[in-house]
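These figures come from a predicted structure and were not determined experimentally. First listed ligand is number 1; within each ligand, the first listed atom is number 1.
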Amino acid sequence: MCGIIGYSGSENAAERIVSGLKSLEYRGYDSAGIAAFEENKVRIIKTVGRVSALEHRIDECGGIRSGCGIGHTRWATHGAPNDINSHPQVSGRVVLVHNGIIENYHELKTELISQGVSFVSETDTEVAAAVIDSEYNKAGDPLKAILAAMPKLTGSYAFGILFKDVPGVIYSVKKGSPLIVGVTDNGGFISSDTSAILRYTKKYISLENGEIAVIKGASTEVYNSRGESVKKEILTAKWDAAAAEKGGYSHFMLKEIHEEPEAVKKTLGIRNRHGYIDFEDDGITVEQLKNINFLRIVACGTAMHAGLYAKYAIEKMARIPVIVEVASEFRYSDPILSDKDTVLIISQSGETADSLEALRIAKSKGARTIAVVNVIASSIAREADNVIYTYAGPEISVASTKAYTVQVATLCAFAFELAYSKGRLTEQDLMYYSKIILHDLCEAIEKVISDEERIRGIAQELYDNENVFFIGRSLDCALVQEASLKLKEISYIHSEAYAAGELKHGTISLITNGTPVISLATVPEIYEKTMSNIVEVVTRGGKAFVVCGSDFPDNSAILYRYELPEIDRMFMGLVGITAMQLFAYYMSVLRGNDVDKPRNLAKSVTVE
Ligand code: F6R
């Protein structure tokens, strides 16, 4: 949440900063700002609203001619989104942009006020700037000031810092929030992620907690928390600039749904070395899997919903009990874990604060941790005992789509491998399922995508409703949770997902004349039960829409049915989710919403 960027070098800093902020906008977009050295003086322009509003304000102010500056796009935590609370924040000689939260800002502020420091904003960031400034006044050296300030600041942060009397230099430090340093021949960047610098460079350094980067043109020095110079490896980003752009689609979300088949092939094709998918290259052997007798899956939001799918697949195929927990609850539940347990963390960004903390708790209790992560070298990926990377490419739209699909496909492959280790599947079975994932699944998703116009037609029927309900049983019950989340987060329509059999126990009272109820039906063994629930809903005035297998019985109660392409039933529900993602997308478009940046949300939730 919040994105920071900075550039120091011989090229136009403002252009690079604004371009970077546009890529980082998915991290927060309620205000934006820039600070840059112009003729050795720091000039600050900031505004409430989107990066485009900042760009406009910069133009109005006659542009910025600078080779060194920092920028910020904000998701407000402390203080309302307004010009004063937006970043950069200034205290004395320190100008600072921040991603994270300073938890002890209130005590620090009280202490600083008692020392005569005054504040203009409500932000924790201004307090951090004041702490560094106060240390700078004592030490007279920027690096020493940052080193002295760090132990005083509790919480998480990635800072980009300018010292007013040290022109051309960016100081940057991180603890708990993501930060990378981009390397080019003409200058250096700091950024919350690689997508913001891909247009200029693929070379970057990943900073560890407590490390400080000092960027002066093309020269970058990194110091550890004792102030000693450290040598860092220069990494190469696997994504290119095109992957982080819309490529002709009207929204990133639509582009990312279209990328699903490719993302599945890319992620699991490279693990298909013996005619079947395995995880040996990820350091997960059949021998290790054999010892797993119980699994806890911990994640947030859509990633947690991928975990619900995994629970179904693992319990069905490997007959191992699985508990799926929301990370924000898990971390405060004093979980009962020992060194005999395995905890699986799922995260697209690899930076979600609750999931990261859940991972640390699981490790501290001796459990083995396996992370399924999309962002290379992210915090969760670095700290887990094993990491299974998904190669979905950058996911820019706030609503997760391709990352979910790839997580589920990967976790299903993991379930099959687990079942194999337990002697419940043969090598032949693994080959069969690997072919289904790499071929049939991708083909079925493509078919649904080619049906986009029909799905848009259904959205056209429903987009002016204020309530939509989803129902399903068994795996479909887990899946409608994701369908409902997708719809509500981007269309702002009130939507709930229920176990179809639970309706009679209370929720059916919400069904009134004309309420749309969308059923997902992909599990043939319980078709009849789902059908009874559909009839119950229609009897009470509900309008029944069904997304189902072609073998789902017909009934006059159904107003509209959308049949999914035939595929092994372990995967039909996943294909159904692609249809639901497209449905949510068009509902949002038809309601005139900002699809990729829904209100109040940010993509990477790096605060609690
Ligand atoms: C919803 C969505 C969120 C994320 C959640 C976890 O569309 O994207 O619910 O799934 O914030 O994020 P990651 O996977 O980055 O840990």
Handout entry: Ligand-side contact atoms (ligand 1) for residue partner Lys486, heavy atom cut-off under 4.0 Å
Key = 1 (C), 7 (O)
Practice task
Classify the contact between Glu351 and ligand 1 as side chain, backbone, both or neither, using a heavy-atom distance cut-off of under 4.0 Å.
Solution key: neither
Problem - Flag, side chain of Asp282 to backbone of Ile284, donor-acceptor distance under 3.5 Å - result: no
Exercise for the section: Just go through Gln407, Glu395, Gln348, His305 and tell me whose heavy atom is the nearest to atom 14 (O) of ligand 1. Expected result: Gln348
Handout entry: Heavy atom of the protein closest to atom 11 (O) of ligand 1 (residue, atom name, distance)
Key = Val605 CG2, 4.1 Å
Handout entry: Charged N-O contact under 4.0 Å between Glu211 and Lys232
Key = yes
Handout entry: Identity and separation of the nearest protein heavy atom to atom 16 (O) of ligand 1
Key = Thr352 OG1, 2.5 Å
Practice task
Describe, in one word, how the ring planes of Tyr249 and His258 are oriented to each other, choosing from parallel (under 30°), tilted (30 to 60°) and perpendicular (over 60°).
Solution key: tilted
Problem - Numbered atoms of ligand 1 (with element) below 4.0 Å of Glu489, judged on heavy atoms - result: 1 (C), 7 (O)
Handout entry: Proximal ligand 1 atoms for Ala303, defined as those under 4.0 Å from one of its heavy atoms
Key = 10 (O), 14 (O)
Exercise for the section: Salt-bridge test for Lys402 and Glu259: reply yes if a basic N is under 4.0 Å from a carboxylate O, no otherwise. Expected result: yes
Handout entry: Ion pair Arg456/Glu452, N-O distance below 4.0 Å
Key = no
Completion exercise
ligand 1 to Val398, heavy atom cutoff 4.0 Å, flagged ligand atoms 7 (O), 8 (O)
Handout entry: Test item: Thr578 and Tyr404 side chains (from C-beta on) under 4.5 Å apart, heavy atoms
Key = no
Practice task
Would you indicate which of Ile380, Asn374, Ile346, Thr302 comes nearest to atom 4 (C) of ligand 1 when only heavy atoms are counted?
Solution key: Thr302
Handout entry: Residue Ser349 vicinity, atoms of ligand 1 by number, heavy atom under 4.0 Å
Key = 13 (P), 15 (O), 16 (O)
Handout entry: Salt bridge present between Lys266 and Glu262 (N-O < 4.0 angstrom)
Key = no
Problem - atom 5 (C) of ligand 1: nearest protein contact (heavy atom, Å) - result: Cys300 O, 3.6 Å
Handout entry: N-O pairing of Arg271 and Asp281 below 4.0 Å
Key = no
Fill in the blank from the handout: Under 4.0 Å from one or more heavy atoms of Ala399, ligand 1 contributes atoms 7 (O)
Exercise for the section: May I ask you to decide whether Arg50 forms a salt bridge with Asp594, counting only side-chain N to carboxylate O separations under 4.0 Å? Expected result: yes
Problem - Met304 and ligand 1 - part of the residue with a heavy-atom distance under 4.0 Å - result: neither
